[in-house]
Amino acid sequence: MQRPHTLESSDDPLSKWVHCVDRAIEAAQERGDFDNLPGHGKPLMLDEHPYAGDRALGFHVLNNAGIKPLWMELDKEIQGLRVRMQRLLDQVRGQAASTVSAPCPRPRDVSSSWMRRLITGERIADSTPLPDQGRERRRTAARREYLRLAADLDEKIRVYNHALPPELRHLERIRLCEADAARVFEAALPANRHPLSNRKDP
């Protein structure tokens with residue numbers, strides 16, 4: 001894009017210098033001096049952070065040293081914890097679905113020890129849990145791990161919010177208390193009771 005040549009008739013030395021520079025650039029373009037330069041036709045790679053403000057120089061020095069501010073490092077860790085928590089939910093949900101879809105022994109098949117004991121009313125030993133009991137144990141262990149990750153996430157969010165510079169307070173994250181994390185887990189993986197446990201005695 002060429003500049004308008006309105007400065008040509010001006011007696012201002014700076015205007016004359018700008019005009020000479022423009023003509024030199026145009027001549028170089030016509031000769032093809034700017035063709036095949038590295039990054040030609042590609043977007044500029046800008047290192048500056050748009051929200052850096054007065055800390056831009058400090059961020060630039062830290063970036064050249066391979067170091068990021070604490071709140072940036074915590075932001076990565078927070079995102080990683082959220083991914084781990086979601087994967088845990090997906091994994092347990094997948095296990096529950098595969099257990100439900102597995103064929104269940106029919107009542108007439110009394111060769112299965114747990115079914116025979118269920119029908120006859122024999123005492124069920126701890127070493128031979130019902131399938132639903134095994135599923136509930138896995139769910140309980142997953143819930144414990146999920147709440148542990150949620151507590152770690154909440155602590156990192158607390159430190160992250162505290163480490164944010166004053167001009168970046170709009171980037172604060174909402175804390176995750178244990179009760180909210182438990183509600184999310186229960187909504188994603190509700191407790192499954194054995195179908196015969198809801199029967200009422202006549």
Side-chain angles (χ1 to χ4, degrees), residues 49-51 66-202:
H49 194 285
Y51 303 110
I67 304 171
K68 291 185 178 178
L70 175 62
W71 63 271
M72 287 186 180
E73 295 291 345
L74 287 170
D75 184 57
K76 278 189 176 180
E77 294 178 16
I78 288 169
Q79 293 176 18
L81 276 172
R82 290 191 187 279
V83 170
R84 286 177 61 189
M85 291 169 69
Q86 187 59 47
R87 282 181 183 164
L88 179 63
L89 288 180
D90 294 341
Q91 179 183 1
V92 178
R93 192 182 293 121
Q95 289 175 352
S98 65
T99 306
V100 169
S101 62
C104 234
R106 291 182 231 173
R108 67 171 183 266
D109 182 14
V110 292
S111 60
S112 174
S113 62
W114 70 267
M115 182 60 76
R116 184 177 64 252
R117 290 176 180 175
L118 181 66
I119 293 173
T120 60
E122 293 179 28
R123 185 174 178 274
I124 300 173
D126 294 336
S127 59
T128 58
L130 290 171
D132 285 63
Q133 290 176 334
R135 183 167 54 237
E136 191 59 28
R137 285 178 185 169
R138 287 193 300 272
R139 181 187 174 279
T140 301
R143 185 179 189 276
R144 192 180 310 116
E145 174 67 10
Y146 186 85
L147 293 182
R148 186 190 69 77
L149 291 172
D152 193 12
L153 174 64
D154 181 63
E155 176 60 19
K156 287 189 185 302
I157 291 175
R158 184 190 68 78
V159 178
Y160 165 86
N161 289 342
H162 183 71
L164 277 174
E167 64 270 17
L168 299 181
R169 289 297 175 197
H170 61 281
L171 298 179
E172 283 188 355
R173 294 176 177 268
I174 299 174
R175 302 276 301 272
L176 179 63
C177 67
E178 183 177 356
D180 289 340
R183 276 194 290 272
V184 170
F185 185 89
E186 295 296 335
L189 295 165
N192 291 324
R193 302 187 63 182
H194 192 275
L196 296 182
S197 63
N198 293 329
R199 290 176 56 182
K200 296 181 180 179
D201 294 332

query = With no hydrogens and no angle check, is any side-chain donor or acceptor of Arg139 less than 3.5 Å from a backbone partner on Leu189?
reply = yes

task = Applying side-chain contact (heavy atoms from CB on, under 4.5 Å), run through Arg143 and Val92 and close with a yes or a no.
result = CA-CA 10 Å; Arg143 185 179 189 276; Val92 178; over 6 Å; no

task = Just jot down the salt bridge (Lys or Arg N to Asp or Glu O under 4.0 Å) partners of Arg82, sequence neighbours excluded, or say none.
result = none

query = Are side-chain heavy atoms of Arg138 and Thr140 found at a separation under 4.5 Å?
reply = no

Only pairs under 3.5 Å count here: list side-chain donor-acceptor contacts from residues 145-154, not counting sequence neighbours, and write none if there are none.
| from | atom 1 | to | atom 2 | distance (Å) |
| --- | --- | --- | --- | --- |
| Glu145 | OE1 | Arg148 | NE | 3.1 |
| Glu145 | OE2 | Arg148 | NH2 | 2.8 |
| Asp154 | OD1 | Arg175 | NE | 2.8 |
| Asp154 | OD1 | Leu176 | N | 3.0 |
| Asp154 | OD2 | Arg175 | NH2 | 3.0 |

message = More than 12 heavy atoms of other residues, nucleotides or ligands under 6.0 Å from CZ of Arg173: yes or no?
response = yes

message = Is there a salt bridge (charged side-chain N to carboxylate O under 4.0 Å, His left out) between Glu155 and Arg158? Walk through the geometry before answering.
response = CA-CA 5 Å; Glu155 176 60 19; Arg158 184 190 68 78; 2.7 Å; yes

query = Going by heavy atoms in the side chains, are Val83 and Arg87 under 4.5 Å from each other?
reply = yes

ask   = Picking from Ile78, Ile174, Leu74, Asp75, what satisfies side chain to side chain contact (heavy atoms under 4.5 Å, CB included) with Ile157?
value = Ile78

Between NZ on residue Lys76 and NZ on residue Lys156, distance to nearest 0.5 Å = 14.0 Å

Contacts of Asp180 that satisfy side-chain hydrogen bond (donor to acceptor under 3.5 Å, both in side chains) - sequence neighbours left out = Arg183

query = So, does Arg169 use its side chain to make a donor-acceptor pair with the main chain of Leu164 at under 3.5 Å?
reply = yes

ask   = Closest approach of Ala187 and Pro190, non-hydrogen atoms and distance?
value = O-CD, 4.0 Å

query = Can you tell me if CD on Glu178 sees more than 12 non-hydrogen neighbours from other groups inside 6.0 Å?
reply = no

key: From OH (Tyr160) to CD (Glu172), nearest 0.5 Å   = 8.5 Å

